[in-house]
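Below is one structure, written out as structure tokens; comments come after it.
In listed order, ligands and their atoms are each counted from 1.
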Amino acid sequence: MLLAHKPPHNLDEGNITRVSGDFSELAMSFVFIVDHDRKPLAPVHPGRARFLLTAGHAAVLRRYPFTLILNEAQPDAQPTPLRVKLDPGSQTTGIAVVNDTTGQVVWAAEVTHRGEQVKAKLESRRAQRRGRRQRHTRYRQPRFQNRRRPEGWLPPSLCSRLANTLTWVARVCRWCPIGAISLELVKFDTQLMQNAAISGVAYQHGELQGYEVKQYLLAKWGHRCAYCGATNVPLQVEHIVPRARGGSNRVSNLTLACAPCNQAKGTQTAAEYGFPAIHAQAKQPLRDAAAVNTTRWAVYQRLHGMGLPVETGTGGRTKWNRTQRGLPKTHWLDAACVGASTPAVLQVQQVVPLCIRAMGRHSRQMCRTDAYGFPNKAPKATSVVGGFRTGDMVRATVPASSTKAGTYVGRIAIRASGSCTIRTAHGTIQGIHDRFCQPLHRGDGYSYTNGRSA
Ligand SMILES: [Zn+2]
């Protein structure tokens, strides 16, 4: 959707954000750019983007993420392939586009999922359907054995997370020359930890391995001393059967203890020290479900289908990469640190992540109910007020004569009266009339704000 040529003064706070904290100057991520034939080119510096717009060489293709389209085709352009990196989470998925050669993080985003909302909506539908049992209506034949789940079935809430992630990878590939994908697949690589033959001695005895083992033990033993249960104290990796008594270094012989307990236990085994249960628990590996989650596997399998090489990494590796580079914990920085391919130095100063929130589109309910769940209303009609639909990103310029005077950029929720609600990065403003609004970006199922997450 080409929103016609936009003059450069039309760039708004949604695109160029003043960031607070350490970065006091105006910062902006690189800008995606495609040529006349929609072939993705190397993302450009915001200054270059501003020049292209002012000189009339390019037009705005999309607001979110900010993407330009050149006036001319560039069939000979050979942009450096970039890598899109993903850190899938249950609430938020981090996405980063990284140039492996220069270490530049070109673009980053955090996608907030709506898994919880999907679940709540389906539960309310289920409750309504169950209510029919108590009603005196015509007899319906029971339907048995027609509820089998197909192979690879995922619950709708997980499906929605999967779809959001794949949608954004596909979109980034459309506007940016992507040559590879990195994905954080598992929290801990239990195979690598247990089986030296897979990875070789270097990994087994390396710094990274120790780091990953510690993370694994913290998760397995619940961040507490296995003997006295103390939390919020420094924990030491402890051998259940001590080394001196022939105990091995395998993770099945390791637990966590606070310094006093470790000292007191000395060269006794855990059973001798009075904790026979620890022995039994140590033999049990962390449940697979905790280490590998179904959505990540589904994401991995579907990404493979996109025809790009997919690199996988572990959560331990991500955290190690991130702390080695002295970067704070955010979803997008985690994404940038996924996998062995992470460049030694990551340049992140310019990057302002785009916060993307999955919103859903309209209501699909064919029969709405009253407050008691009694179906008595027609489906919600698609409504357009003043050319706007709920979900469009707009800029409202309210004149000084009004009590609501000011400029607001955000997602509009329309009202039939024309007096709409706008959700901006700084809060929700009610009662803004549609005549003050200009469209920035038509609703595409997501809402957008720019900025570093807290
Ligand atoms: Zn202790």
- Residues passing the side chain to side chain contact (heavy atoms under 4.5 Å, CB included) test with C228, sequence neighbours excluded, are C225, A230, C258, C261

- Task: Output all residues satisfying salt bridge (Lys or Arg N to Asp or Glu O under 4.0 Å) with R245, sequence neighbours left out; order by chain, then residue number.
- Result: E272

- Working for side chain to side chain contact (heavy atoms under 4.5 Å, CB included), residues T312 and Y300: CA-CA 8 Å; T312 60; Y300 174 71; 3.3 Å; yes

- Task: Output yes when K377 and D370 qualify as a salt bridge under the 4.0 Å nitrogen-oxygen rule, no when they do not.
- Result: no

- Query: Leaving out waters, which are not shown anyway, how many protein N, O or S atoms lie closer than 2.8 Å to the Zn ion (ligand 1)?
  - Reply: 4

- Message: Checking Q236 now: which residues fulfil side chain to side chain contact (heavy atoms under 4.5 Å, CB included) with it, not counting sequence neighbours?
- Response: A259, N262

- After noting the C-alpha distance and the side-chain angles of N253 and H239, does the key distance pass the side-chain hydrogen bond (donor to acceptor under 3.5 Å, both in side chains) rule? CA-CA 6 Å; N253 189 40; H239 292 85; 5.2 Å; no

